[in-house]
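What follows is a set of notes on a single structure, which appears directly below.
Reckoned from all heavy atoms, side chains included, excluding hydrogens, waters and symmetry mates.
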Amino acid sequence: MKISDDELIIALLAGGSVRRAAKVLCISPQAIQKRLTGDLKKRYEEERLRLFGNISDELNAASELAVSTLSETISNTELPATIRVQAADSILRHTLRYYEAANFEKRLRALEEGGQREEL
């Protein structure tokens with residue numbers, strides 16, 4: 001039975017790896033690697049990026065709700081102080097991680113742009 005390109009891409013996206021996709025499709029990982037070239041590889045990468053984009057959008061929306069919930073928890077004087085402090089600590093820790101990641105990305109981009117200028 002021939003496995004269509006669509007079936008192959010779906011299995012790769014759902015499985016997260018060639019090995020898992022091969023197991024689901026009952027074929028060898030080498031068979032997948034052999035087919036995953038050219039236009040099919042490009043199409044798979046595009047679908048993968050689209051899927052991650054959708055997930056990222058959902059996480060951003062959920063993050064807004066999470067920050068709002070934590071902010072409400074901090075201001076709710078009826079809650080025990082320990083819970084309010086934990087909420088505040090959580091916001092501070094995640095804010096720090098966000099800024100570290102953003103700063104890292106900014107520095108990486110600057111390095112990449114510097115490297116591209118040197119190549120010209």
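Rounding to the nearest 0.5 Å places CG of D57 at 6.5 Å from CG of N60. The distance from the CZ atom of R50 to the CD1 atom of I55 is 10.0 Å, given to the nearest 0.5 Å. Distance check: I91 CD1 to I74 CD1 gives 3.5 Å after rounding to the nearest 0.5 Å. In this structure, the separation between CG on L36 and NZ on K41 is 6.5 Å, given to the nearest 0.5 Å. To the nearest 0.5 Å, atom CG of residue L96 and atom CG of residue N103 are 10.5 Å apart. Note that CZ of F52 and CG of L13 are 8.0 Å apart. Values are rounded to the nearest 0.5 Å.
Under the 4.5 Å side-chain heavy-atom criterion for ILVMFWY residues, a single connected hydrophobic cluster contains both L51 and Y44. I10 and I27 are members of different hydrophobic clusters when ILVMFWY side chains are connected at heavy-atom separations under 4.5 Å. Linking Ile, Leu, Val, Met, Phe, Trp and Tyr residues whenever their side-chain heavy atoms come within less than 4.5 Å places L12 and L40 in a single cluster.
Looking at H94 and L70, their side chains never come closer than 4.5 Å, going by heavy atoms from C-beta outward. Residues K23 and R20 are not in side-chain contact: their nearest non-hydrogen atoms beyond the backbone lie 4.5 Å or more apart.
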| task | May I have the step-by-step check of side-chain contact (heavy atoms from CB on, under 4.5 Å) for T77 and R84, ending in yes or no? | result | CA-CA 8 Å; T77 56; R84 294 171 45 218; 4.2 Å; yes
| task | Carefully, step by step, assess D5 and R35 under the rule side-chain contact (heavy atoms from CB on, under 4.5 Å). | result | CA-CA 9 Å; D5 289 351; R35 281 189 59 190; 2.6 Å; yes
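Salt-bridge formation is detected for the pair E105/R109: a Lys NZ or Arg NE/NH1/NH2 atom is positioned less than 4.0 Å from an Asp or Glu carboxylate oxygen. Ion pairing between R43 and D39 fails under the 4.0 Å rule for side-chain N and carboxylate O.
The 12-atom threshold is not exceeded at CZ of R19, counting heavy atoms of other residues, nucleotides or ligands nearer than 6.0 Å.
Within the 3.5 Å criterion, the main-chain N or O of L59 finds a donor-acceptor partner in the side chain of S63. With hydrogens and angles ignored, the 3.5 Å screen pairs no side-chain donor or acceptor of E72 with any backbone N or O of T69.
Taking every heavy atom of both residues into account, A22 and P29 meet most closely at CB-N, 3.6 Å. Residues I32 and V18 share a closest heavy-atom pair of CD1-O, 3.7 Å.
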